[in-house]
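Start at 1 and go down the list; that is how both ligands and their atoms are numbered.
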Amino acid sequence: MSKIIQIKKTVVVTGGAGFIGSHLCRFLLAKGYRVICIDNMLTGNHSNVSDLKSNSDFIFIDHDVTLPFEISETVHYVLHFASPASPVDYERLPIQTLKAGSLGTHNMLGLAKVKKAVFLLASTSEVYGDPLVHPQPESYWGNVNPIGPRGVYDEAKRFAEAITMAYHRVHGMGTKIARIFNTYGEGMRKNDGRSVPAFITQALSSKPLTVFGDGSQTRSFCYVSDLVEGVYKLMLSSVNEPVNLGNPAEYTILEFAKKILKLTASSSKIIFKPLPVDDPKTRCPDITRARTLLKWQPKVAVDDGLKRTIEWFRKEAK
Ligand code: UDP
């Protein structure tokens, strides 16, 4: 009787202890991959991956991706998710944000090249800046202020996309670019400054919800399990051009704050604070490309995703 040896494929996930990165690690382990999680905990959190550390297919390496990274074993995929990603974080860490997107992407492309691995970049809807086209298709080039406070993130990711495409064209590498729109779910840091954790935390502690500006700016929120499935489909695809991943269900921020008040049954008030500089007025993904090429679209309704997220924040608060 011949013995069949099944060799697991290995995936490097940078930023694997962050919000989306940790969901991705968990998902890949469940699919039967070995996962090498790289994080320097700048904005990541050990608690996001503490449940994975007993899994023999999960390897955690404390490393800053802006420094070169070498590893002797075979790697099949490199998923580059390491970066500060909330507006508060990248305003606080502007140079680290620029370095994670530029030097970090260069180093991880180098790793993928030497390993003959597929490279996937976690890019962002921020490459569209304050968009003048609505909803945003991948063909839109964006409207970004390069020297504004958000420019450090937007331009780092735009550079990251440019170098990723250059490696694809020059070295013929399989490269993928996921343009990720606002994503929420369990594992977000309660003080990362983003609207979802801010509103939920405020609502659950009977504090006023801080809506910036008049709340007429729009966002489209995708539940993290949908997003991770989209990333996975992109990783396995032969698509090299950027793909928007997000949920096209669009809300004004004021509507969204009211939704959270309702779902938490909170009696908190809403107060208005100044709108941050360069805060985009609209944001909604055109996901025709993901629908057509990846056969992907979000499945989780916003109310359902929010209920799960609220439950998680409730437990965390205890
Ligand atoms: N926002 C808000 N109150 C908060 C945090 C954010 O009104 O406490 C607004 C923010 O100005 C933006 C929207 O909510 O217009 C989404 O912000 P978030 O930080 O979640 O993500 P962004 O899409 O700006 O990256």
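- You'll find the ring centres of Y184 and Y223 inside the 6.0 Å limit.
- Taking the six-membered ring for Trp and the full ring otherwise, the centers of F119 and Y167 sit at least 6.0 Å from each other.
- Here the protein heavy atom with the shortest distance to atom 1 (N) of ligand 1 is F212 CD1, 3.4 Å.
- Considering backbone and side-chain N/O atoms, R194 never comes within less than 3.5 Å of an N/O atom of ligand 1.
- Closest to atom 24 (O) of ligand 1 among all protein heavy atoms lies R150 NH2, 3.0 Å.
- No side-chain heavy atom of K9 sits less than 4.5 Å from a side-chain heavy atom of R34.
- Near A198, with a cut-off below 4.0 Å to any heavy atom, the atoms of ligand 1 are 8 (O).
- Closest to atom 21 (O) of ligand 1, if we only count protein heavy atoms, is N182 ND2, 3.3 Å.
- Taking the six-membered ring where the residue is Trp, the centroids of H23 and F27 are separated by 6.0 Å or more.
- In terms of protein heavy-atom proximity, atom 11 (O) of ligand 1 is closest to D279 OD2, 2.6 Å.
- Contact atoms of ligand 1 toward G193: 5 (C) (distance under 4.0 Å to a heavy atom of the residue).
- Contact annotation for R283 and ligand 1: only side-chain heavy atoms (C-beta onward) come within less than 4.0 Å of the ligand.
- Contacts with ligand 1 closer than 4.0 Å are made by no heavy atom of A257, backbone or side chain.
- The proximity of T210 to ligand 1, defined as any non-hydrogen pair under 4.0 Å, involves the side chain as well as the backbone.
- The P87 neighbourhood of ligand 1 comprises atoms 19 (O), 24 (O), 25 (O), with distances under 4.0 Å to a heavy atom of that residue.
- With 3.5 Å as the limit, one finds no donor-acceptor pair spanning the side chains of Q202 and S268.
- Distances shorter than 4.0 angstrom occur between a heavy atom of F199 and an atom of ligand 1.
- With hydrogens left out, the protein atom closest to atom 18 (P) of ligand 1 is S195 N, 3.7 Å, a heavy atom.
- Below 4.0 Å from some heavy atom of V211 lie the following atoms of ligand 1, by number and element: 7 (O).
- In this structure, Y128 and F181 have tilted ring planes: the angle between them lies in the 30° to 60° band.
- Taking the six-membered ring for Trp and thresholds of 30 and 60 degrees, H63 and F69 have ring planes inclined between 30 and 60 degrees apart.
- Between E229 and K299, at least one side-chain nitrogen of the basic residue sits less than 4.0 Å from a carboxylate oxygen of the acidic one, meeting the salt-bridge criterion.
- Residue-ligand proximity, P276 to ligand 1, at heavy-atom distances under 4.0 Å covers atoms 11 (O).
- For the side chain to side chain donor-acceptor pair (under 3.5 Å) test with E126, the passing option among R150, R158, R179 is R150; the others fail.
- No option in T218, N182, D130 other than N182 meets the side chain to side chain donor-acceptor pair (under 3.5 Å) test with R283.
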